[in-house]
Amino acid sequence: MAGRACAFTNDANETDVSKYGWIWLDGKGVGFCTSGGYSRYAQTSNAQGFVPTDPIVDRLEVEIEILGQMCKARMVTKALFGPIGDRMRG
């Protein structure tokens with residue numbers, strides 16, 4: 001399976017995404033997370049992960065498994081930080 005690294009914003013309540021959390025699309029595990037955390041700049045909980053190249057579209061609705069619970073998430077295809085480095089990343 002060919003894959004690509006993608007960014008997601010998610011509806012995690014109090015827990016951030018950890019590595020190897022599954023990414024689910026239409027009830028199937030299609031990828032996995034590599035990291036996650038809260039961004040003060042974007043004011044969202046975010047995740048990075050690998051998914052197949054077929055469904056890569058902005059705002060694609062997926063679910064990410066965080067500590068055994070499913071959280072709604074959306075794929076983000078634009079940078080979540082100042083792309084020219086004009087703001088601190090974090």
Side-chain angles (χ1 to χ4, degrees):
M1 169 179 80
R4 180 173 158 195
C6 294
F8 300 88
T9 60
N10 63 71
D11 297 338
N13 293 328
E14 296 180 12
T15 305
D16 289 325
V17 172
S18 60
K19 64 181 178 177
Y20 306 121
W22 279 96
I23 299 170
W24 296 83
L25 177 63
D26 298 328
K28 291 188 218 174
V30 296
F32 64 93
C33 292
T34 57
S35 62
Y38 185 79
S39 167
R40 285 180 177 73
Y41 174 73
Q43 296 186 356
T44 58
S45 182
N46 303 302
Q48 299 288 320
F50 285 95
V51 296
T53 56
D54 291 346
I56 295 177
V57 293
D58 196 38
R59 310 297 294 165
L60 175 71
E61 297 277 333
V62 298
E63 290 183 295
I64 295 178
E65 190 172 348
I66 302 173
L67 298 176
Q69 294 190 340
M70 303 303 267
C71 285
K72 292 182 179 184
R74 287 148 310 283
M75 186 176 287
V76 180
T77 58
K78 296 181 181 158
L80 292 171
F81 58 89
I84 60 171
D86 57 339
R87 293 192 182 250
M88 288 188 64
R89 295 161 178 85

Problem - For Ser35, all residues meeting side-chain contact (heavy atoms from CB on, under 4.5 Å), sequence neighbours excluded - result: Gln48

Exercise for the section: Indicate if Leu67 and Val17 have the same hydrophobic cluster label, given that clusters are the connected sets of ILVMFWY residues with side-chain heavy-atom separations under 4.5 angstrom. Expected result: yes

Problem - Heavy-atom side-chain proximity of Phe8 to Val62 below 4.5 angstrom - result: yes

Practice task
Count the heavy atoms of every other residue, nucleotide or ligand shown that sit under 6.0 Å from CG of Asp58, and state whether that count exceeds 12.
Solution key: yes

Problem - Pairwise distance CH2(Trp22) to CZ(Phe32) - rounded to 0.5 angstrom - result: 8.5 Å

Completion exercise
When every non-hydrogen atom of Trp24 is compared with those of Glu65, the smallest separation belongs to NE1-OE1, 3.3 Å

Exercise for the section: Please report the shortest heavy-atom distance between Gly49 and Ile23, naming the atom on each side. Expected result: CA-CD1, 4.1 Å

Exercise for the section: For Gln43, look at atom CD and say whether over 12 heavy atoms of other residues, nucleotides or ligands are found less than 6.0 Å away. Expected result: no

Exercise for the section: Evaluate the side-chain proximity of Tyr38 to Thr44: yes if any heavy-atom separation is below 4.5 Å, no if none is. Expected result: no

Problem - Cluster overlap Ile66 with Leu25, hydrophobic side-chain contacts below 4.5 Å - result: yes

Exercise for the section: Give a yes-or-no answer on whether the side chains of Asn10 and Ser45 include a donor-acceptor pair shorter than 3.5 Å. Expected result: yes

Fill in the blank from the handout: CD (Glu63) and NZ (Lys72) are apart, to the nearest 0.5 Å, by 7.5 Å

Exercise for the section: Taking only Lys NZ, Arg NE, NH1 and NH2, and the carboxylate oxygens of Asp or Glu, determine whether Asp11 and Arg74 approach each other closer than 4.0 Å. Expected result: yes

Exercise for the section: Determine whether Val57 and Thr77 make a side-chain contact, defined as any pair of heavy atoms from C-beta on separated by less than 4.5 Å. Expected result: no

